[in-house]
Amino acid sequence: MSVKVQNLTKLYHQQIALDHISLEISNGEIVGLLGPNGAGKTTMMRSIAGSLSFDEGKIWVNGIDNQENPFKTKSMIGYLPENNPLYLDMYVKEYLSFVADIHQIDKRKIAQIIEKVGLSQEQNKKIHQLSKGYKQRVGLAQAIIFDPEILILDEPTNGLDPNQIIEIRQLISELGKEKTVILSTHIMQEVEALCSRVILLDKGRIIQDGNIENFKGKYKNLEEAFFQYTHNEL
Ligand code: ATP
């Protein structure tokens, strides 16, 4: 099992963001995490990635408890946070070199990763000079440079133009051949193009979990299924 979550509960003051969530994700799955705004997707991803503490429950990454052994579990997860925080004043190569230092990996890996994510033309620019799609590639590069087994991508194509969306999706699809991927998105075509499994969160709870056909169920497409599931909850 790549990731196991048991009874995960997160409160922000009095508000419950995750309400006793349990799930298991196997090696090699590409899981699409769906849900309306505020459903708890980012909170769940941050909890699994080890960047957010939680109130109840346990998370194991490859069998290792992420609260007891945070350094170990973080070394197995590449995480692209929502809004892709980057050091904008750094050059692309300088930033990736900084990330390589953090993970104590061979600097020769930087050139390979630049090639892999399609940053070759832009590698000598400062990050603030890049278009949004290329910034996103830098975000993906920092997430995969240490070759983690698991990738957590929070809205990886948010705000990109249609061409960049296709290119980033192709990249994720390539990465998904070797890694377990958990990604959140509001774009249903993305789920259809990439995911082997869909988990729908609403108000901090899992309300659907299955393959795309099961999720679609009796509805004519994924949008309608999403609408019906999340409105029936009201
Ligand atoms: P979106 O699709 O809008 O990104 P989401 O499904 O990722 O939403 P979360 O960002 O996980 O949802 O938020 C879940 C709930 O927790 C929301 O009600 C949100 O307002 C609340 N929340 C998230 N972060 C904080 C915080 N730092 N302080 C207080 N409340 C928070």
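Read the numbers this way: they start at 1 and go in the same order the structure lists the ligands and their atoms. For the single chain, residues carry numbers from 1 onward in sequence order. Basis for what follows: all heavy atoms, side chains included, without hydrogens, waters or symmetry-related copies.
- Compare T43, T42, L201 by their heavy atoms: the one nearest to atom 13 (O) of ligand 1 is in T43.
- Heavy-atom distances between M44 and ligand 1 stay at or above 4.0 Å for every pair.
- Proximity of M45 to ligand 1 is not established, as no heavy-atom distance is less than 4.0 Å.
- Taking only nitrogen or oxygen atoms, main chain and side chain alike, A17 does not reach within less than 3.5 Å of ligand 1.
- Not a single heavy atom of H13 sits less than 4.0 Å from an atom of ligand 1.
- Residues satisfying the salt bridge (charged side-chain N to carboxylate O under 4.0 Å, His left out) criterion with E223, sequence neighbours excluded, are absent altogether.
- Closer than 4.0 Å to atom 29 (C) of ligand 1 lies at least one heavy atom of the protein.
- Shortest contact from atom 4 (O) of ligand 1 to any protein heavy atom: E82 OE2, 3.1 Å.
- Residue G38 holds the heavy atom nearest to atom 17 (C) of ligand 1 of all those in S184, G38, S47.
- In terms of protein heavy atoms, atom 27 (N) of ligand 1 is closest to Y12 CE2, 3.7 Å.
- The distance criterion of under 3.5 Å between nitrogen or oxygen atoms is not met by G35 with respect to ligand 1.
- Only side-chain heavy atoms of Q15 come within less than 4.0 Å of ligand 1; its backbone N, CA, C and O stay farther off.
- The aromatic rings of F98 and Y87 sit perpendicular, their planes meeting at an angle over 60°, well past the 30° parallel limit.
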Item to complete: Tell me, with the steps shown, if V5 and W60 meet side chain to side chain contact (heavy atoms under 4.5 Å, CB included).
Response: CA-CA 7 Å; V5 173; W60 294 268; over 6 Å; no
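- Residue contact check: E155 has heavy atoms under 4.0 Å from atoms 2 (O), 4 (O) of ligand 1.
- Look at R137 and E167 and you find a salt bridge, because one of the NZ, NE, NH1 or NH2 atoms lies within 4.0 Å of a carboxylate O, short of that distance.
- Residue contacts with ligand 1 include P36, since one or more of its heavy atoms lies under 4.0 Å from the ligand.
- Residue, atom and distance of the protein heavy atom nearest to atom 3 (O) of ligand 1 are N37 ND2, 2.9 Å.
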